[in-house]
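Just below is one structure, and these are the notes that go with it.
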Amino acid sequence: MDVTRHIARHVVNLPRSGIRDFFEVVSKMKDVISLGIGEPDFDTPWHIREAGIYALEKGKTHYTSNLGLIELRRAISRYDEKNFSVTYRPDDEILVTVGVSEALDIAFRALVNPGDKVLFHQPCYVSYHPSITLVHGVGIPVPTFAKDNFALTAEALRSAWQPGCKLLVLNLPCNPTGGTCNREQLEAIAHFCVEKDLIVLSDEIYAELTFEGQHVSVVSLPGMKERTIFLHGFSKAFAMTGWRIGYACGPAALIEAMMKVHQYSMMCASVISQEAAIEALTRGEDAMKSMREQYQRRRDFLVRRLNEIGLKCHLPRGSFYAFPCVESTGMSGKDFALGLLQSERVAMVPGSAFGENGAAFCRACFATGYEQLIEAGNRIERYVQAVVSSKDKPSAAGPQPGSALTPSLSHPMGEGARRAGEGSP
Ligand code: PLP
């Protein structure tokens, strides 16, 4: 029996994650240095893991309130006030979720009617566009550019805006570009959102990993708290990807709407992870800062090295991604990534995974050991030199068409796994 005809049309039409195929190939290869997946190489700091273990020992094995443990919501409220200059009521303005992934999904499901338009800046995190499509919304990309360090500008937003736009997704600092906005740029964006009556979905999962200046949250600007859903999580700054824990804060009516979707789908986040998250927020700052210092050292090294090699790379102001342009090699990001993997066994993500305007770039995650980055730099250099010196003989260094290393890499896609094709974030 052919069951495929029973699959919903909008799911059939959703492209499969090509990047996942790519990393499945990577996982079968030996001696690959992966700058691929966006997750810390650090394990969760020990005292946070202990809080999870202790929760289990104490028999904390039950459902929690749909909104999440009140102690965690209080800790979130204090943390947001200190770090993002915004105050949320633990009782009805905070919802604990299964990662920022769930927060994004339920926000779209709670707010988007079929046909509503949702603006998002691009290159962007791989899940935004598919998530909008899955709720029958219409995604409207707003381009950002290397010349602006990939900061979103109010002018680009104004050009992309069209009647029917209801939401704007912001991700600052941004995955994959590391771009962010300074206060002045953010004020212009906020002004535009008020003018056009847009609700903002602000994914600030990389906020703590800001290296240049102070992170400014859009929600702290005048007139924005009432129209913003602030999303934050533990995966990146506290190295807690596997715990699957995050949260959303916003106006009580919007949190209530999201809570309804959450209650019928997820019920609550894991209680063990919630207990560990309390520890992260209350006593995790030192460990977080020490990881950030190491990311900054790695960023400085990698970006300098890429530029030396001839791959123009702007300085990412936040996140743990470098986003070099590979145009100087005469190759697209996709061909470059495939050729590099095949020739030198270094895995980077083709920029086209993050939107069409990322096609000339690759993403290199520097949440990878310093020594490995040094070796990756040497291998990339060798590959670029080989490509440049064989420009007259293009088949010499590029990927072999039809080889096992040429999976389709179309956007949109989930990010593949760093090790052995594990689940994609
Ligand atoms: N938002 C962005 C911008 C991300 O880069 C990621 C993960 O890579 C997520 C959300 C998902 O985070 P979580 O692990 O909290 O679900």
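Here the structure is a predicted model, which is why all the values come from computation and not from measurement. Counting starts at 1 for both ligands and their atoms, in listed order. Count residues from 1 along the sequence.
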Close-contact set for ligand 1 against [X] heavy atoms, below 4.0 Å:
X	value
Arg244	13 (P), 14 (O), 16 (O)
Asn171	3 (C)
Gly99	15 (O), 16 (O)
Tyr128	3 (C)

Geometric class of the Tyr79/His232 ring pair [parallel <30°, tilted 30-60°, perpendicular >60°]: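 Answer is parallel, since the angle falls under 30°.
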Whether Phe230 and Tyr247 hold their rings parallel, tilted or perpendicular, with breakpoints at 30° and 60°: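 Because their plane-to-plane angle lies in the 30° to 60° range, the rings of Phe230 and Tyr247 count as tilted.
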Under-4.0 Å heavy-atom contact with ligand 1, by part of Ser235 that carries it: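 Under 4.0 Å from ligand 1, Ser235 contributes side-chain atoms alone.
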Mode of Lys236 contact toward ligand 1 - side chain, backbone, both, neither (heavy atoms, under 4.0 Å):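 For Lys236, the contact with ligand 1 is made by the side chain alone.
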Leu104, any N or O under 3.5 Å of ligand 1 N or O: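 Between Leu104 and ligand 1, no N or O pair is found under 3.5 Å apart.
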Side chains of Gln122 and His129, donor plus acceptor under 3.5 Å: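 His129 and Gln122 do not have a side-chain donor-acceptor pair below 3.5 Å.
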Expected output: side-chain Asn182 to main-chain Gln185 donor-acceptor under 3.5 Å: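 Checking the backbone N and O of Gln185 against the side chain of Asn182, a donor-acceptor pair under 3.5 Å is found.
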Donor-acceptor contact present, side-chain Arg227 to main-chain Leu198, <3.5 Å: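 Yes, because the side chain of Arg227 sits within donor-acceptor range (under 3.5 Å) of the backbone of Leu198.
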I'd like to know whether ligand 1 has [X] as a neighbour, heavy-atom separation below 4.0 Å.
X	value
Thr241	no
Gly233	no
Phe234	no

Check: Tyr206 ring centre within less than 6.0 Å of Tyr125 ring centre: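 So the answer is no for these two rings.
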Presence of salt bridge, Arg74 and Glu71, under 4.0 angstrom: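 No, this pair does not count.
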